[in-house]
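For ligands, and for the atoms within them, numbers begin at 1 and follow the listed sequence. Here, residue 1 is the first one in the sequence, and each next residue gets the next number. Excluded from the calculations below are hydrogen atoms, water molecules and symmetry mates; all remaining heavy atoms, backbone and side chain alike, are included. What you see is a predicted model; the values in this text were computed from it and never measured.
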Amino acid sequence: MAIIQPVRGTSDLLPEEKARQNQVISCAAQTARHFGYADMATPIFEFTEVFSRPLGASSDVVAKETYCFADRGGAGLTLRPEGTAPVMRAVIAGGLTQSLPLRWFYAGPMFRYERPQKGRMRQFHQIGCELIGSASPLADAEIIACGAQILTELNVLSDTKLHLNSLGDPQSRAAYREALVGYLEQYRADLSDDSQRRLETNPLRILDSKSAEDKHILEDAPHLSDYLTAAARAHFEGVTAALDAAGISWHYDPLLVRGLDYYSHTAFEFITSSLGAQGTVLGGGRYDGLSETLGGPPLPAVGFAGGVERLALLTPPAPLPPPQIALIAADEAGEAEAFALACQLRTHAFSTVMILTGNMNKKMKSANKLGCPLVIIIGTDEISRKAVIVRDMDAGTQEELQTASLTGWLDQRFILAEKS
Ligand code: HAM
């Protein structure tokens, strides 16, 4: 029978990779907590409108990348491609708009039907922070600082560059959109097919085009910064002043527009050159209009999400500590006794693994391979003497101990090991 492979763009997280991802997630959660962000989670699927309304029907994510399906009751559902819209849906549905601001952290799988390549998966994982209910530029700066701190804790900040732009308020964007379309119309025939389509649906996204011809045409395009209203300009200056005060270096990138349609004012990405084409490890921005697209009240908000796979690629593997004790039954008569002792040791908080198969020689080899510092052996002789044999794998020594005194002896042994 043919072997069933994982679905294209998905992968099994075997222990080493899972440990690396856990390290990224726990470091991010801990840093977020340090900034006052509480851990929360939303379901991995939502009614399709949760994404189609705020992300924009013309955004690539909604137009081409969502996993949509009808459930058995006929409801139109979508596997979440991102976490921000669900978080806002949770705030509105939970009636939490009276308890603002909210600072929330989340981590979990996201799903996008993209062309898989290094650092780009169809099921991937994000860590994210959302600060909901503040219009202050300090909120944008706080979110960026929190992202930078996570990257610092993971030792990858120096590998990245912070790209920052202002997309302005809706008024700024409407004026700029008109100017940009007016400019690009002259070169319509030379633009890539994608950009010709976007000229009608979402012209700002053309700024993000990877096509060489489009990039050449964009060199003389008008700049969004020249179309910002006074209020939008003041907001951006507030953000950059706060970043400068905190010593967070940033790089102005007028072409940074982000792939989701809900952004206004601040947009940012931490980009590395170490991962090839998929170099954005963490990105976000302000999304003041999103709540209203979901039927909520006006609710200023800002946030980011980081790609766990991409961050894990940049971090060294996390060595997994072996269990403290390997238990071996020397013969059949020792098996039940060894099993019971393993259970007892675990309740005493010693991590313990029982070696299940092989003859004595093979069992010792397995214990050695696991890297446990101690091996405890029980057989018929030991049972008759109410004793066990304890072998210190590092020292290569062994001794017989009375079972009754074992946990006290182990306490001492591991306390001493911790001290040395
Ligand atoms: P995003 O830029 O679409 O933003 O995704 C955030 C991060 O998720 C990216 O920078 C990247 O590291 C990772 N990522 C995205 N797609 C993939 C993929 N196919 N495979 C692997 N990693 C991927 C958002 O999702 C927004 N919700 C961020 C946000 C939060 N904005 C405001 N609050």
Between Tyr37 and Phe105 (judged by ring centroids, cut-off 6.0 Å), do the two rings come close enough to count as a pair?
no

Taking 4.0 angstrom as the limit, do Lys161 and Asp159 come out as a salt bridge?
no

Cationic N near anionic O, under 4.0 Å, Arg80 to Glu46:
no

Show me the donor-acceptor pairs, under 3.5 Å and distance only, between side chains in residues 291-307 and residues at least two apart or in other chains.
unit_1 : atom_1 : unit_2 : atom_2 : d
Ser291 : OG     : Pro297 : O      : 2.5
Thr293 : OG1    : Leu290 : O      : 2.6

Protein residues having a heavy atom less than 4.0 Å from any atom of ligand 1
Glu82, Thr84, Arg112, Glu114, Gly119, Arg120, Met121, Phe124, Gln126, Glu130, Arg258, Leu260, Tyr262, Tyr263, Thr280, Val281, Leu282, Gly283, Gly284, Gly285, Tyr287, Gly303, Phe304, Ala305, Gly307, Arg310

Can you list everything that forms a ring pair (Phe, Tyr, Trp, His ring centres under 6.0 Å) with Tyr252? Sequence neighbours excluded, please.
none

Scan for ring pair (Phe, Tyr, Trp, His ring centres under 6.0 Å) pairs involving residues 157-177, sequence neighbours excluded, and state none if there are none.
His163-His251, Tyr176-Tyr227

